[in-house]
Colleague: 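Provided herewith is a single structure, encoded as structure tokens, for subsequent inquiry.
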Number of protein chains: 2
Amino acid sequence: MNVTNNPPGLEHTDCQKVSQVLARVGEKWSVLIIMFLAEKPRRFTEIKRAVNGISQRMLTLCLRGLERDGLVKRTVFPVVPPHVEYELTALGRSLTQPVIALGTWARDHIPDIDAARADFDAREGVQAAQAPGQR
Amino acid sequence: MNVTNNPPGLEHTDCQKVSQVLARVGEKWSVLIIMFLAEKPRRFTEIKRAVNGISQRMLTLCLRGLERDGLVKRTVFPVVPPHVEYELTALGRSLTQPVIALGTWARDHIPDIDAARADFDAREGVQAAQAPGQR
DNA sequence: CAGTATCCAGCAAGATACTG
DNA sequence: CAGTATCTTGCTGGATACTG
């Protein structure tokens, strides 16, 4: 990647690594799970219930990914009815800061974005309708 | 979504909208393009060259999406060799702030993440190798 | 309860070719 | 130059069923 701009912050060095983190944040469920675990440690089924709409498969995959990246810690209690708890690591907790910042930005600008979309879509529609005798 | 945690910041209200924004940020190319345009307005081919590896199709799609969300403004100069410029809107520029924050976090924690992954993968490998007479 | 395994649909995305 | 159109592929992600 050559997104070479000089402002102190993001150089092209480590660019793919940063992209990977961004991708994880962009994943549909990751942030939801992180935010849910931010409150307190939870069990598998608790998360599944909380994050409505996620499938077991996706939850497992997501948790695996988060665990692999060291954002979530998985603890197995070897008892008769299996008991597994997931909790944020220090790293995971530190991630909630910038994520909340982004989430807050998103929330604050939803009206702008919605307006822009409505505008854009309106123009799209007009374009389609305004080629009268052409074709 | 019922990711109901109370800390002032992210409620489940507008949750999907926020997710959409997050998804856009998570898109492989969006952030790269935004960061590139942060410097100054650019033409289509300039962006294509800068963001190495993107196809025309993906660039067009990405720019369309960013334009639709009001993050990027597209200006066509009706001259003989077509000339189109893309630039960040005020909204787009305001997004660079939290994105850079996230990018910075990512950069700062790359070592931690890499270490965690190495750890995890090592344990995975061991697991596979340590079931000797079992199978 | 907490997964794993399997199957399958849909879309993301690359390559390529054509156009105003 | 700045796209659009078309084809194809591979991954994402959902549903379902089975297991320790």
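Letters A, B, ... mirror the listed sequences (proteins, then strands); counts begin at 1.
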Colleague: Rounded to whole Å, please give me the gap between CD in A:Glu85 and P in C:dG3.
Modeller: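 About 12 Å, once rounded to whole Å.
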Colleague: Are B:Val76 and B:Leu59 connected in a single hydrophobic cluster, I mean Ile/Leu/Val/Met/Phe/Trp/Tyr linked by side-chain heavy atoms less than 4.5 Å apart?
Modeller: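 Hydrophobic grouping puts B:Leu59 with B:Val76.
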Colleague: Partner of C:dA13 by Watson-Crick or G-U wobble geometry, both contacts under 3.5 Å, or none?
Modeller: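 C:dA13 is paired with D:dT8.
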Colleague: Taking CD from A:Glu67 and P from C:dA2, how many angstroms apart are they, rounded to a whole number?
Modeller: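 Result: 15 Å.
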Colleague: Taking the nucleotide of DNA chain C with the closest heavy atom to each, which residue, A:Arg64 or A:Pro82, is nearer the 5' end?
Modeller: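 Taking each residue's closest nucleotide, the earlier one in sequence belongs to A:Pro82.
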Colleague: Does a side-chain N or O from A:Thr45 land closer than 4.0 Å to OP1 or OP2 of C:dA2, or not?
Modeller: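 Looking at the OP1 and OP2 atoms of C:dA2, one of them is under 4.0 Å from a side-chain N or O of A:Thr45.
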Colleague: For A:Gln56 and for A:Glu27, find the nucleotide of DNA chain D with the closest heavy atom, then tell me which residue's nucleotide is more 5'.
Modeller: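 In this pair, the answer is A:Glu27.
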Colleague: Taking only side-chain N and O atoms of A:Arg74, does any of them lie within less than 4.0 angstrom of OP1 or OP2 on C:dA2?
Modeller: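 Checking A:Arg74 against C:dA2: no side-chain N or O falls below 4.0 Å of OP1 or OP2.
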Colleague: Can a salt bridge be assigned to the pair A:Glu27 and A:Arg24 using a cut-off of 4.0 Å between side-chain N and carboxylate O?
Modeller: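 Answer for the salt bridge query: yes.
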Colleague: Under a 3.5 Å distance rule, please check whether A:Arg93 uses its side chain to pair with a backbone N or O of A:Leu88 as donor and acceptor.
Modeller: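 Yes: the side chain of A:Arg93 pairs with the backbone of A:Leu88.
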Colleague: Are A:Glu46 and A:Arg43 ion-paired here, with the side-chain N under 4.0 Å from a carboxylate O?
Modeller: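 Between A:Arg43 and A:Glu46 there is no salt bridge, as every charged N stays at least 4.0 Å from the carboxylate O atoms.
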Colleague: Return the value, rounded to whole Å, for the distance between atom CE of A:Met58 and atom P of D:dT12.
Modeller: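 It works out to 9 Å between those atoms.
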Colleague: Atom NE2 of A:His83 to atom C1' of C:dG3: distance rounded to whole Å?
Modeller: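 Between C1' of C:dG3 and NE2 of A:His83: 15 Å.
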Colleague: Any salt bridge between A:Asp119 and B:Arg68, counting N to O under 4.0 Å?
Modeller: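 A salt bridge is absent here (no side-chain N lies under 4.0 Å from a carboxylate O).
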Colleague: If you compare every side-chain N and O of B:Tyr86 against the phosphate oxygens of D:dG3 (OP1, OP2), does one of them come in below 4.0 Å?
Modeller: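 True: B:Tyr86 side-chain N/O within range (under 4.0 Å) of D:dG3 OP1/OP2.
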Colleague: Over how many whole Å does the gap from B:Lys28 atom NZ to D:dC11 atom P extend?
Modeller: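 These atoms are roughly 12 Å apart.
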Colleague: What is the pairing partner of D:dG3, taking Watson-Crick or G-U wobble pairs with both distances under 3.5 Å in any strand?
Modeller: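 Base-paired to C:dC18.
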Colleague: Whole angstroms only, please: what is the CZ-C1' distance between B:Phe44 and D:dA2?
Modeller: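 Rounded to whole Å, this separation is 6 Å.
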Colleague: Considering only C:dG14, D:dA2, C:dG3, which nucleotide approaches the side chain of B:Trp29 most closely?
Modeller: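 For the B:Trp29 side chain, the nearest candidate turns out to be C:dG14.
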Colleague: Write down the distance between NZ (A:Lys48) and C1' (C:dG3), rounded to a whole number of angstrom.
Modeller: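 Going from NZ in A:Lys48 over to C1' in C:dG3 covers 12 Å.
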Colleague: Taking atom P of C:dC1 as reference, at what distance in whole Å does atom CG of A:Leu63 sit?
Modeller: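 After rounding, the gap between these two atoms is 16 Å.
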Colleague: Report yes if a side-chain nitrogen or oxygen of B:Arg43 is closer than 4.0 Å to either non-bridging phosphate oxygen (OP1 or OP2) of D:dC1; otherwise report no.
Modeller: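 Answer no for this pair, as no side-chain N or O of B:Arg43 is under 4.0 Å from OP1 or OP2.
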Colleague: Using a cut-off of less than 4.0 Å, is there contact between a side-chain N or O of B:Arg57 and OP1 or OP2 of C:dA15?
Modeller: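 Answer is no, no contact under 4.0 Å.
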